[in-house]
Protein chains: 2
Amino acid sequence: MPSSTVEDYLKCIYLEAQRRDGMLPMGALARAMNVVPGTATAMVKTLSSDRLVNYRARVGVSLTDAGTEIALQVVRRHRLIELLLVQVLGLDWSEVHGEAEALEHAVSDRVIDRIDAMLGHPRVDPHGDPIPSPDGAFALVGTVSLAECPRKVPRTIVRILDQDPDFLLFAEKNGLMPGQKVTVVSRDKSSDAVEISVRKGKKLTLGSSAARKILVDEAS
Amino acid sequence: MPSSTVEDYLKCIYLEAQRRDGMLPMGALARAMNVVPGTATAMVKTLSSDRLVNYRARVGVSLTDAGTEIALQVVRRHRLIELLLVQVLGLDWSEVHGEAEALEHAVSDRVIDRIDAMLGHPRVDPHGDPIPSPDGAFALVGTVSLAECPRKVPRTIVRILDQDPDFLLFAEKNGLMPGQKVTVVSRDKSSDAVEISVRKGKKLTLGSSAARKILVDEAS
DNA sequence: CATTTTATTTTGACTAATCAAACTAGATGG
DNA sequence: CCATCTAGTTTGATTAGTCAAAATAAAATG
(Lines give C-alpha, C1' and ligand atoms only; values in the text may rest on other atoms or scores of the structure.)
Protein backbone atom coordinates (compact mmCIF):
# COMPACT_ATOMS: atom_id res chain seq x y z
CA MET A 1 0.00 0.00 0.00
CA PRO A 2 1.25 3.49 -0.79
CA SER A 3 2.06 5.67 2.22
CA SER A 4 -0.06 8.73 2.72
CA THR A 5 2.91 10.81 1.60
CA VAL A 6 3.03 8.92 -1.68
CA GLU A 7 -0.72 9.32 -2.05
CA ASP A 8 -0.35 13.06 -1.52
CA TYR A 9 2.35 13.43 -4.16
CA LEU A 10 0.37 11.44 -6.71
CA LYS A 11 -2.80 13.40 -6.00
CA CYS A 12 -0.87 16.65 -6.23
CA ILE A 13 0.75 15.72 -9.54
CA TYR A 14 -2.65 14.72 -10.85
CA LEU A 15 -4.36 17.95 -9.80
CA GLU A 16 -1.54 20.26 -10.87
CA ALA A 17 -1.24 18.55 -14.22
CA GLN A 18 -4.90 19.39 -14.90
CA ARG A 19 -4.01 23.08 -15.27
CA ARG A 20 -0.88 22.66 -17.33
CA ASP A 21 0.04 20.70 -20.38
CA GLY A 22 2.29 17.67 -20.50
CA MET A 23 4.93 17.39 -17.83
CA LEU A 24 4.70 19.10 -14.45
CA PRO A 25 7.96 20.92 -13.62
CA MET A 26 9.60 19.92 -10.35
CA GLY A 27 9.47 23.46 -9.02
CA ALA A 28 5.70 23.57 -9.35
CA LEU A 29 5.40 20.24 -7.60
CA ALA A 30 7.71 21.27 -4.78
CA ARG A 31 5.77 24.50 -4.27
CA ALA A 32 2.42 22.72 -4.30
CA MET A 33 3.67 20.14 -1.81
CA ASN A 34 5.34 22.70 0.43
CA VAL A 35 8.71 21.02 0.31
CA VAL A 36 12.10 22.18 -0.90
CA PRO A 37 12.88 21.27 -4.53
CA GLY A 38 15.40 18.61 -3.54
CA THR A 39 12.76 16.75 -1.59
CA ALA A 40 10.46 16.67 -4.59
CA THR A 41 13.25 15.36 -6.81
CA ALA A 42 14.08 12.62 -4.32
CA MET A 43 10.47 11.59 -3.94
CA VAL A 44 9.77 11.62 -7.65
CA LYS A 45 12.74 9.37 -8.22
CA THR A 46 11.38 6.75 -5.89
CA LEU A 47 7.89 7.11 -7.41
CA SER A 48 9.53 6.63 -10.77
CA SER A 49 11.30 3.45 -9.75
CA ASP A 50 7.94 2.19 -8.48
CA ARG A 51 6.51 2.91 -11.96
CA LEU A 52 3.98 5.40 -10.62
CA VAL A 53 5.33 8.40 -12.54
CA ASN A 54 7.39 9.18 -15.62
CA TYR A 55 10.29 11.39 -14.69
CA ARG A 56 12.61 13.22 -17.03
CA ALA A 57 15.40 15.08 -15.28
CA ARG A 58 15.20 18.86 -15.74
CA VAL A 59 11.92 18.46 -17.59
CA GLY A 60 9.29 17.28 -15.19
CA VAL A 61 7.00 14.52 -14.07
CA SER A 62 3.74 12.95 -15.23
CA LEU A 63 1.65 10.08 -13.90
CA THR A 64 1.75 6.57 -15.32
CA ASP A 65 -1.50 4.63 -15.56
CA ALA A 66 -0.76 3.00 -12.22
CA GLY A 67 -0.10 6.38 -10.66
CA THR A 68 -3.24 7.89 -12.15
CA GLU A 69 -5.29 5.06 -10.73
CA ILE A 70 -4.05 5.73 -7.21
CA ALA A 71 -4.44 9.48 -7.60
CA LEU A 72 -8.04 9.06 -8.70
CA GLN A 73 -8.83 6.87 -5.71
CA VAL A 74 -7.44 9.53 -3.40
CA VAL A 75 -9.40 12.27 -5.14
CA ARG A 76 -12.52 10.14 -4.93
CA ARG A 77 -12.03 9.60 -1.20
CA HIS A 78 -11.31 13.27 -0.66
CA ARG A 79 -14.42 14.49 -2.42
CA LEU A 80 -16.79 11.92 -0.97
CA ILE A 81 -15.54 12.81 2.50
CA GLU A 82 -16.10 16.50 1.83
CA LEU A 83 -19.65 15.78 0.83
CA LEU A 84 -20.25 13.62 3.89
CA LEU A 85 -18.92 16.33 6.15
CA VAL A 86 -21.22 18.93 4.60
CA GLN A 87 -24.37 16.91 4.03
CA VAL A 88 -24.36 14.55 6.97
CA LEU A 89 -22.34 16.25 9.66
CA GLY A 90 -23.31 19.79 8.72
CA LEU A 91 -19.85 21.35 8.47
CA ASP A 92 -19.48 24.47 6.40
CA TRP A 93 -18.18 23.98 2.88
CA SER A 94 -15.29 26.34 3.60
CA GLU A 95 -13.84 24.02 6.24
CA VAL A 96 -14.21 20.59 4.70
CA HIS A 97 -11.28 20.67 2.30
CA GLY A 98 -8.77 20.83 5.13
CA GLU A 99 -10.53 18.14 7.13
CA ALA A 100 -10.64 15.83 4.14
CA GLU A 101 -6.90 16.19 3.58
CA ALA A 102 -6.26 14.02 6.62
CA LEU A 103 -9.26 11.71 6.37
CA GLU A 104 -8.66 10.79 2.73
CA HIS A 105 -5.72 8.61 3.83
CA ALA A 106 -7.54 6.91 6.67
CA VAL A 107 -10.80 5.64 5.16
CA SER A 108 -10.96 2.13 3.78
CA ASP A 109 -12.67 1.12 0.56
CA ARG A 110 -15.37 -0.46 2.63
CA VAL A 111 -16.18 2.80 4.37
CA ILE A 112 -15.88 4.92 1.24
CA ASP A 113 -18.31 2.63 -0.56
CA ARG A 114 -20.85 3.03 2.25
CA ILE A 115 -20.47 6.78 2.13
CA ASP A 116 -20.92 6.73 -1.63
CA ALA A 117 -24.06 4.63 -1.33
CA MET A 118 -25.51 6.67 1.53
CA LEU A 119 -25.06 9.87 -0.46
CA GLY A 120 -26.70 8.33 -3.52
CA HIS A 121 -23.59 8.00 -5.71
CA PRO A 122 -23.08 11.74 -6.08
CA ARG A 123 -21.24 13.09 -9.13
CA VAL A 124 -19.80 16.24 -7.58
CA ASP A 125 -18.57 17.43 -4.18
CA PRO A 126 -19.73 20.59 -2.37
CA HIS A 127 -17.50 22.79 -4.55
CA GLY A 128 -18.74 21.20 -7.74
CA ASP A 129 -15.54 19.22 -8.24
CA PRO A 130 -16.36 15.93 -9.96
CA ILE A 131 -16.12 12.69 -8.00
CA PRO A 132 -14.40 9.86 -9.90
CA SER A 133 -16.31 6.59 -9.87
CA PRO A 134 -14.59 3.55 -8.29
CA ASP A 135 -13.04 2.69 -11.65
CA GLY A 136 -11.79 6.23 -12.18
CA ALA A 137 -14.38 7.59 -14.61
CA PHE A 138 -15.77 11.13 -14.42
CA ALA A 139 -19.10 12.57 -15.45
CA LEU A 140 -17.67 15.53 -17.33
CA VAL A 141 -19.78 18.60 -17.92
CA GLY A 142 -18.92 21.48 -20.19
CA THR A 143 -18.18 24.65 -18.24
CA VAL A 144 -17.01 28.23 -18.73
CA SER A 145 -15.81 30.67 -16.12
CA LEU A 146 -17.46 34.00 -15.34
CA ALA A 147 -14.41 35.60 -16.97
CA GLU A 148 -15.37 34.31 -20.40
CA CYS A 149 -19.03 33.31 -20.61
CA PRO A 150 -21.47 35.42 -22.68
CA ARG A 151 -22.97 38.46 -20.94
CA LYS A 152 -26.63 39.12 -20.12
CA VAL A 153 -27.51 35.43 -20.12
CA PRO A 154 -28.40 33.82 -16.79
CA ARG A 155 -26.26 30.81 -15.95
CA THR A 156 -26.09 28.24 -13.18
CA ILE A 157 -22.91 27.99 -11.12
CA VAL A 158 -21.54 24.46 -11.29
CA ARG A 159 -18.10 24.63 -9.75
CA ILE A 160 -15.72 26.75 -7.67
CA LEU A 161 -12.02 26.33 -8.44
CA ASP A 162 -10.58 27.35 -5.09
CA GLN A 163 -10.43 25.61 -1.75
CA ASP A 164 -9.27 28.57 0.28
CA PRO A 165 -11.64 28.99 3.26
CA ASP A 166 -11.57 32.78 3.01
CA PHE A 167 -12.58 32.75 -0.63
CA LEU A 168 -15.25 30.15 0.01
CA LEU A 169 -16.72 32.17 2.89
CA PHE A 170 -16.84 35.20 0.62
CA ALA A 171 -18.49 33.19 -2.13
CA GLU A 172 -21.01 31.71 0.28
CA LYS A 173 -21.90 35.09 1.69
CA ASN A 174 -22.68 36.32 -1.81
CA GLY A 175 -24.62 33.29 -2.99
CA LEU A 176 -21.87 32.15 -5.31
CA MET A 177 -22.31 28.44 -4.80
CA PRO A 178 -23.02 25.52 -7.14
CA GLY A 179 -26.67 25.53 -8.10
CA GLN A 180 -27.12 29.30 -7.77
CA LYS A 181 -28.08 31.46 -10.74
CA VAL A 182 -25.78 34.24 -11.88
CA THR A 183 -25.61 36.62 -14.82
CA VAL A 184 -22.59 38.51 -16.12
CA VAL A 185 -23.70 42.11 -16.56
CA SER A 186 -20.54 43.65 -17.97
CA ARG A 187 -16.81 43.23 -18.25
CA ASP A 188 -14.13 45.84 -18.37
CA LYS A 189 -10.71 44.90 -19.72
CA SER A 190 -8.80 47.88 -18.36
CA SER A 191 -10.19 47.82 -14.83
CA ASP A 192 -9.99 44.01 -14.87
CA ALA A 193 -13.51 43.92 -13.43
CA VAL A 194 -16.47 41.61 -14.02
CA GLU A 195 -19.83 42.88 -12.87
CA ILE A 196 -22.36 40.18 -12.09
CA SER A 197 -25.85 39.95 -10.70
CA VAL A 198 -26.86 37.18 -8.35
CA ARG A 199 -30.29 36.03 -7.14
CA LYS A 200 -32.56 38.90 -6.19
CA GLY A 201 -30.79 41.11 -8.66
CA LYS A 202 -28.01 41.77 -6.22
CA LYS A 203 -25.02 43.27 -8.03
CA LEU A 204 -21.41 42.47 -7.34
CA THR A 205 -18.07 43.22 -8.95
CA LEU A 206 -15.27 40.69 -9.12
CA GLY A 207 -11.70 40.95 -10.28
CA SER A 208 -11.05 38.71 -13.26
CA SER A 209 -8.88 36.31 -11.27
CA ALA A 210 -11.83 35.68 -8.95
CA ALA A 211 -14.20 35.47 -11.91
CA ARG A 212 -11.98 32.82 -13.41
CA LYS A 213 -12.53 30.63 -10.35
CA ILE A 214 -16.30 30.49 -10.77
CA LEU A 215 -17.53 28.09 -13.40
CA VAL A 216 -21.03 28.06 -14.87
CA ASP A 217 -22.74 25.63 -17.24
CA GLU A 218 -21.67 26.00 -20.83
CA ALA A 219 -24.99 25.81 -22.66
CA SER A 220 -27.43 28.05 -20.85
CA MET B 1 0.75 17.62 18.36
CA PRO B 2 1.52 14.01 19.17
CA SER B 3 2.15 11.73 16.18
CA SER B 4 -0.34 8.96 15.60
CA THR B 5 2.28 6.50 16.83
CA VAL B 6 2.52 8.38 20.11
CA GLU B 7 -1.26 8.47 20.33
CA ASP B 8 -1.37 4.73 19.79
CA TYR B 9 1.15 4.02 22.53
CA LEU B 10 -0.65 6.24 25.00
CA LYS B 11 -4.02 4.71 24.17
CA CYS B 12 -2.55 1.25 24.47
CA ILE B 13 -0.96 1.97 27.83
CA TYR B 14 -4.23 3.41 29.02
CA LEU B 15 -6.32 0.44 27.89
CA GLU B 16 -3.89 -2.23 29.05
CA ALA B 17 -3.49 -0.57 32.42
CA GLN B 18 -7.26 -0.91 32.95
CA ARG B 19 -6.90 -4.68 33.37
CA ARG B 20 -3.81 -4.68 35.52
CA ASP B 21 -2.77 -2.86 38.65
CA GLY B 22 -0.13 -0.15 38.84
CA MET B 23 2.63 -0.27 36.25
CA LEU B 24 2.30 -1.92 32.87
CA PRO B 25 5.31 -4.17 32.14
CA MET B 26 7.20 -3.39 28.94
CA GLY B 27 6.64 -6.91 27.61
CA ALA B 28 2.89 -6.48 27.79
CA LEU B 29 3.11 -3.15 26.04
CA ALA B 30 5.36 -4.50 23.32
CA ARG B 31 3.02 -7.44 22.73
CA ALA B 32 -0.05 -5.20 22.62
CA MET B 33 1.62 -2.82 20.19
CA ASN B 34 3.04 -5.59 18.01
CA VAL B 35 6.59 -4.38 18.27
CA VAL B 36 9.74 -6.00 19.63
CA PRO B 37 10.50 -5.18 23.28
CA GLY B 38 13.40 -2.92 22.41
CA THR B 39 11.12 -0.70 20.36
CA ALA B 40 8.72 -0.30 23.26
CA THR B 41 11.57 0.63 25.60
CA ALA B 42 12.87 3.22 23.15
CA MET B 43 9.45 4.73 22.62
CA VAL B 44 8.60 4.80 26.31
CA LYS B 45 11.84 6.63 27.02
CA THR B 46 10.93 9.40 24.64
CA LEU B 47 7.37 9.52 26.01
CA SER B 48 8.92 9.77 29.44
CA SER B 49 11.14 12.68 28.52
CA ASP B 50 8.02 14.38 27.14
CA ARG B 51 6.38 13.83 30.57
CA LEU B 52 3.61 11.74 29.09
CA VAL B 53 4.45 8.58 31.04
CA ASN B 54 6.24 7.53 34.20
CA TYR B 55 8.85 4.95 33.37
CA ARG B 56 10.80 2.83 35.81
CA ALA B 57 13.41 0.61 34.18
CA ARG B 58 12.68 -3.09 34.57
CA VAL B 59 9.41 -2.28 36.30
CA GLY B 60 7.09 -0.75 33.78
CA VAL B 61 5.20 2.28 32.60
CA SER B 62 2.16 4.29 33.64
CA LEU B 63 0.52 7.41 32.26
CA THR B 64 1.05 10.87 33.71
CA ASP B 65 -1.92 13.23 33.84
CA ALA B 66 -0.85 14.76 30.53
CA GLY B 67 -0.57 11.30 28.99
CA THR B 68 -3.95 10.24 30.33
CA GLU B 69 -5.55 13.31 28.85
CA ILE B 70 -4.27 12.50 25.38
CA ALA B 71 -5.18 8.82 25.74
CA LEU B 72 -8.73 9.74 26.69
CA GLN B 73 -9.10 12.02 23.69
CA VAL B 74 -7.99 9.19 21.42
CA VAL B 75 -10.37 6.75 23.07
CA ARG B 76 -13.16 9.28 22.73
CA ARG B 77 -12.46 9.76 19.04
CA HIS B 78 -12.22 6.01 18.50
CA ARG B 79 -15.53 5.23 20.13
CA LEU B 80 -17.47 8.09 18.58
CA ILE B 81 -16.21 7.03 15.17
CA GLU B 82 -17.29 3.44 15.82
CA LEU B 83 -20.75 4.65 16.67
CA LEU B 84 -20.93 6.88 13.59
CA LEU B 85 -19.88 4.00 11.37
CA VAL B 86 -22.56 1.74 12.82
CA GLN B 87 -25.44 4.17 13.27
CA VAL B 88 -25.00 6.51 10.34
CA LEU B 89 -23.10 4.53 7.72
CA GLY B 90 -24.58 1.16 8.62
CA LEU B 91 -21.38 -0.84 9.01
CA ASP B 92 -21.52 -4.01 11.08
CA TRP B 93 -20.30 -3.67 14.67
CA SER B 94 -17.75 -6.40 14.06
CA GLU B 95 -15.88 -4.31 11.48
CA VAL B 96 -15.85 -0.87 13.02
CA HIS B 97 -13.05 -1.34 15.52
CA GLY B 98 -10.49 -1.85 12.81
CA GLU B 99 -11.78 1.04 10.74
CA ALA B 100 -11.70 3.37 13.73
CA GLU B 101 -8.05 2.50 14.44
CA ALA B 102 -7.01 4.55 11.45
CA LEU B 103 -9.68 7.25 11.57
CA GLU B 104 -9.11 8.10 15.23
CA HIS B 105 -5.86 9.84 14.27
CA ALA B 106 -7.32 11.78 11.35
CA VAL B 107 -10.44 13.47 12.74
CA SER B 108 -10.16 16.98 14.13
CA ASP B 109 -11.85 18.21 17.27
CA ARG B 110 -14.25 20.15 15.11
CA VAL B 111 -15.41 17.02 13.32
CA ILE B 112 -15.52 14.90 16.44
CA ASP B 113 -17.71 17.48 18.16
CA ARG B 114 -20.15 17.45 15.24
CA ILE B 115 -20.29 13.66 15.37
CA ASP B 116 -20.88 13.78 19.11
CA ALA B 117 -23.70 16.30 18.69
CA MET B 118 -25.28 14.47 15.77
CA LEU B 119 -25.34 11.22 17.76
CA GLY B 120 -26.88 12.98 20.74
CA HIS B 121 -23.85 12.91 23.08
CA PRO B 122 -23.88 9.14 23.45
CA ARG B 123 -22.38 7.55 26.57
CA VAL B 124 -21.31 4.22 25.06
CA ASP B 125 -20.10 2.86 21.74
CA PRO B 126 -21.61 -0.10 19.85
CA HIS B 127 -19.78 -2.58 22.10
CA GLY B 128 -20.94 -0.84 25.25
CA ASP B 129 -17.52 0.70 25.89
CA PRO B 130 -17.96 4.05 27.60
CA ILE B 131 -17.19 7.25 25.66
CA PRO B 132 -15.19 9.81 27.64
CA SER B 133 -16.64 13.31 27.55
CA PRO B 134 -14.46 16.09 26.05
CA ASP B 135 -12.95 16.71 29.48
CA GLY B 136 -12.20 13.04 30.03
CA ALA B 137 -15.06 12.04 32.35
CA PHE B 138 -16.89 8.72 32.09
CA ALA B 139 -20.43 7.76 32.98
CA LEU B 140 -19.49 4.64 34.90
CA VAL B 141 -22.04 1.89 35.39
CA GLY B 142 -21.67 -1.09 37.69
CA THR B 143 -21.27 -4.32 35.74
CA VAL B 144 -20.60 -8.02 36.26
CA SER B 145 -19.63 -10.59 33.71
CA LEU B 146 -21.67 -13.66 32.86
CA ALA B 147 -18.93 -15.65 34.57
CA GLU B 148 -19.84 -14.25 37.97
CA CYS B 149 -23.33 -12.76 38.06
CA PRO B 150 -26.11 -14.53 40.01
CA ARG B 151 -27.92 -17.33 38.20
CA LYS B 152 -31.60 -17.51 37.25
CA VAL B 153 -31.98 -13.74 37.23
CA PRO B 154 -32.53 -12.04 33.86
CA ARG B 155 -29.97 -9.33 33.10
CA THR B 156 -29.35 -6.82 30.37
CA ILE B 157 -26.10 -6.99 28.44
CA VAL B 158 -24.28 -3.67 28.66
CA ARG B 159 -20.82 -4.32 27.26
CA ILE B 160 -18.68 -6.75 25.29
CA LEU B 161 -14.99 -6.83 26.20
CA ASP B 162 -13.56 -8.05 22.91
CA GLN B 163 -13.05 -6.34 19.56
CA ASP B 164 -12.21 -9.46 17.59
CA PRO B 165 -14.49 -9.54 14.53
CA ASP B 166 -14.96 -13.31 14.76
CA PHE B 167 -16.08 -13.13 18.36
CA LEU B 168 -18.36 -10.20 17.62
CA LEU B 169 -19.97 -11.99 14.69
CA PHE B 170 -20.58 -14.99 16.93
CA ALA B 171 -22.06 -12.75 19.61
CA GLU B 172 -24.26 -10.95 17.10
CA LYS B 173 -25.54 -14.19 15.66
CA ASN B 174 -26.61 -15.30 19.13
CA GLY B 175 -28.17 -12.05 20.24
CA LEU B 176 -25.39 -11.27 22.67
CA MET B 177 -25.31 -7.52 22.14
CA PRO B 178 -25.71 -4.55 24.45
CA GLY B 179 -29.37 -4.05 25.28
CA GLN B 180 -30.30 -7.72 24.91
CA LYS B 181 -31.66 -9.74 27.84
CA VAL B 182 -29.79 -12.80 29.06
CA THR B 183 -30.06 -15.19 32.01
CA VAL B 184 -27.37 -17.44 33.41
CA VAL B 185 -28.97 -20.86 33.80
CA SER B 186 -26.11 -22.81 35.32
CA ARG B 187 -22.36 -22.91 35.75
CA ASP B 188 -20.04 -25.85 35.99
CA LYS B 189 -16.59 -25.36 37.47
CA SER B 190 -15.05 -28.58 36.17
CA SER B 191 -16.27 -28.32 32.59
CA ASP B 192 -15.58 -24.58 32.66
CA ALA B 193 -19.00 -24.02 31.09
CA VAL B 194 -21.63 -21.35 31.55
CA GLU B 195 -25.09 -22.16 30.28
CA ILE B 196 -27.21 -19.14 29.39
CA SER B 197 -30.57 -18.45 27.88
CA VAL B 198 -31.12 -15.58 25.48
CA ARG B 199 -34.31 -13.96 24.15
CA LYS B 200 -36.93 -16.51 23.09
CA GLY B 201 -35.55 -18.94 25.64
CA LYS B 202 -32.78 -19.98 23.28
CA LYS B 203 -30.10 -21.87 25.23
CA LEU B 204 -26.37 -21.53 24.67
CA THR B 205 -23.23 -22.74 26.42
CA LEU B 206 -20.13 -20.60 26.70
CA GLY B 207 -16.66 -21.35 28.02
CA SER B 208 -15.87 -19.20 31.03
CA SER B 209 -13.33 -17.11 29.11
CA ALA B 210 -16.07 -16.10 26.68
CA ALA B 211 -18.51 -15.58 29.57
CA ARG B 212 -16.01 -13.23 31.15
CA LYS B 213 -16.13 -10.99 28.08
CA ILE B 214 -19.86 -10.35 28.34
CA LEU B 215 -20.87 -7.81 30.95
CA VAL B 216 -24.39 -7.30 32.26
CA ASP B 217 -25.85 -4.67 34.57
CA GLU B 218 -24.99 -5.20 38.20
CA ALA B 219 -28.31 -4.58 39.90
CA SER B 220 -30.95 -6.48 37.98
C1' DC C 1 23.28 -19.85 47.08
C1' DA C 2 24.77 -20.87 42.39
C1' DT C 3 22.54 -21.52 38.13
C1' DT C 4 19.41 -21.17 34.63
C1' DT C 5 15.62 -18.83 32.65
C1' DT C 6 13.05 -14.90 31.37
C1' DA C 7 12.25 -10.03 30.91
C1' DT C 8 14.23 -5.93 29.69
C1' DT C 9 17.66 -2.83 27.95
C1' DT C 10 21.35 -1.60 24.81
C1' DT C 11 23.61 -1.22 20.57
C1' DG C 12 23.95 -0.89 15.78
C1' DA C 13 21.57 -0.69 11.62
C1' DC C 14 17.83 0.46 8.43
C1' DT C 15 13.89 3.09 5.92
C1' DA C 16 10.98 7.04 4.81
C1' DA C 17 10.75 11.73 4.54
C1' DT C 18 12.65 15.76 5.10
C1' DC C 19 16.04 20.22 4.89
C1' DA C 20 20.21 23.08 3.85
C1' DA C 21 23.53 24.04 1.01
C1' DA C 22 26.68 23.08 -2.72
C1' DC C 23 26.60 22.12 -7.50
C1' DT C 24 25.17 21.97 -12.56
C1' DA C 25 22.57 22.15 -16.92
C1' DG C 26 20.11 25.07 -19.77
C1' DA C 27 18.03 29.27 -21.00
C1' DT C 28 18.61 34.37 -21.45
C1' DG C 29 20.76 38.16 -22.99
C1' DG C 30 24.34 41.22 -23.74
C1' DC D 1 29.51 33.03 -27.89
C1' DC D 2 30.59 33.91 -23.17
C1' DA D 3 28.49 35.37 -18.64
C1' DT D 4 24.79 35.16 -15.77
C1' DC D 5 20.61 33.64 -13.87
C1' DT D 6 17.39 30.19 -12.68
C1' DA D 7 15.46 25.85 -12.15
C1' DG D 8 16.68 21.54 -10.86
C1' DT D 9 19.83 17.99 -8.85
C1' DT D 10 23.20 16.12 -5.49
C1' DT D 11 25.15 15.44 -1.23
C1' DG D 12 25.26 15.10 3.60
C1' DA D 13 22.51 15.35 7.81
C1' DT D 14 18.51 14.78 10.68
C1' DT D 15 14.31 12.72 12.87
C1' DA D 16 10.86 9.16 13.89
C1' DG D 17 10.04 4.61 14.21
C1' DT D 18 11.41 0.24 13.69
C1' DC D 19 14.14 -4.63 14.01
C1' DA D 20 17.89 -8.02 15.21
C1' DA D 21 20.84 -9.50 18.23
C1' DA D 22 24.02 -8.93 22.12
C1' DA D 23 24.19 -7.71 27.00
C1' DT D 24 22.31 -7.55 31.58
C1' DA D 25 19.31 -7.65 35.56
C1' DA D 26 16.01 -9.96 38.14
C1' DA D 27 13.41 -13.96 39.21
C1' DA D 28 12.89 -18.81 39.59
C1' DT D 29 14.77 -23.28 40.50
C1' DG D 30 17.40 -26.90 41.98
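A straight line from CE of B:Met43 to P of D:dC19 spans 13 Å, rounded to a whole angstrom. Going from atom CG of A:Asp50 over to atom C1' of C:dA16 covers 12 Å, rounded to whole Å. Look at CE on A:Met26: it is 9 Å from C1' on D:dT9, rounded to the nearest Å. Look at CG on A:Leu29: it is 14 Å from P on C:dA17, rounded to the nearest Å. Rounding to whole angstrom units, NE2 of residue B:His105 and P of D:dG17 are separated by 12 Å. Look at CG on A:Asn34: it is 13 Å from P on C:dA20, rounded to the nearest Å. The interatomic distance linking A:Glu7 (CD) with C:dA16 (C1') rounds to 15 Å, in whole Å. One atom, CE of B:Met33, and another, C1' of D:dG17, lie 11 Å apart when rounded to the nearest Å.
An OP1 or OP2 oxygen of C:dA17 is reached within less than 4.0 angstrom by no side-chain nitrogen or oxygen of A:Thr39. Between B:Tyr55 and C:dT8 there is no side-chain polar atom (N or O) within less than 4.0 angstrom of OP1 or OP2. Between C:dT18 and A:Tyr9, a contact under 4.0 Å exists linking OP1 or OP2 to a side-chain N or O. Checking the phosphate oxygens (OP1, OP2) of C:dA17, a side-chain nitrogen or oxygen of A:Ser3 falls inside 4.0 Å. OP1 or OP2 of D:dT10 sits under 4.0 Å from a side-chain N or O of A:Lys45. For the OP1/OP2 pair of D:dT9 and a distance below 4.0 Å, the side-chain nitrogens and oxygens of A:Thr41 include at least one atom meeting the criterion.
The nearest pair of heavy atoms linking A:Leu176 to A:Ile160 is O-CD1, 3.5 Å. Across every non-hydrogen atom of B:Arg20 and B:Pro25, the tightest pair is CD-CD, 4.4 Å.
At a cut-off of 3.5 Å, with distance as the only test, a side-chain donor of B:Asp8 or B:His105 sits close to an acceptor on the other residue.
If you check D:dG17, C:dA17, D:dT9 against the side chain of B:Thr5, the one that comes closest is D:dG17. Side-chain proximity of B:Ala42 to C:dT18, D:dT10, D:dT18: nearest is D:dT18. Comparing D:dA7, C:dA17, D:dC19 against the side chain of A:Arg58 picks out D:dA7 as the nearest. Nearest nucleotide to the A:Ala57 side chain, out of C:dA17, D:dC19, D:dT9: D:dT9.
Mapping B:Ala28 and A:Gly38 onto DNA chain C by nearest heavy atom places B:Ala28 closer to the 5' end of the strand.
A 4.5 Å side-chain heavy-atom check between B:Pro122 and B:Leu80 finds at least one atom pair inside the cut-off.
Classification of A:Arg114 and B:Glu99 as a salt-bridged pair fails, no side-chain N sitting under 4.0 Å from a carboxylate O.
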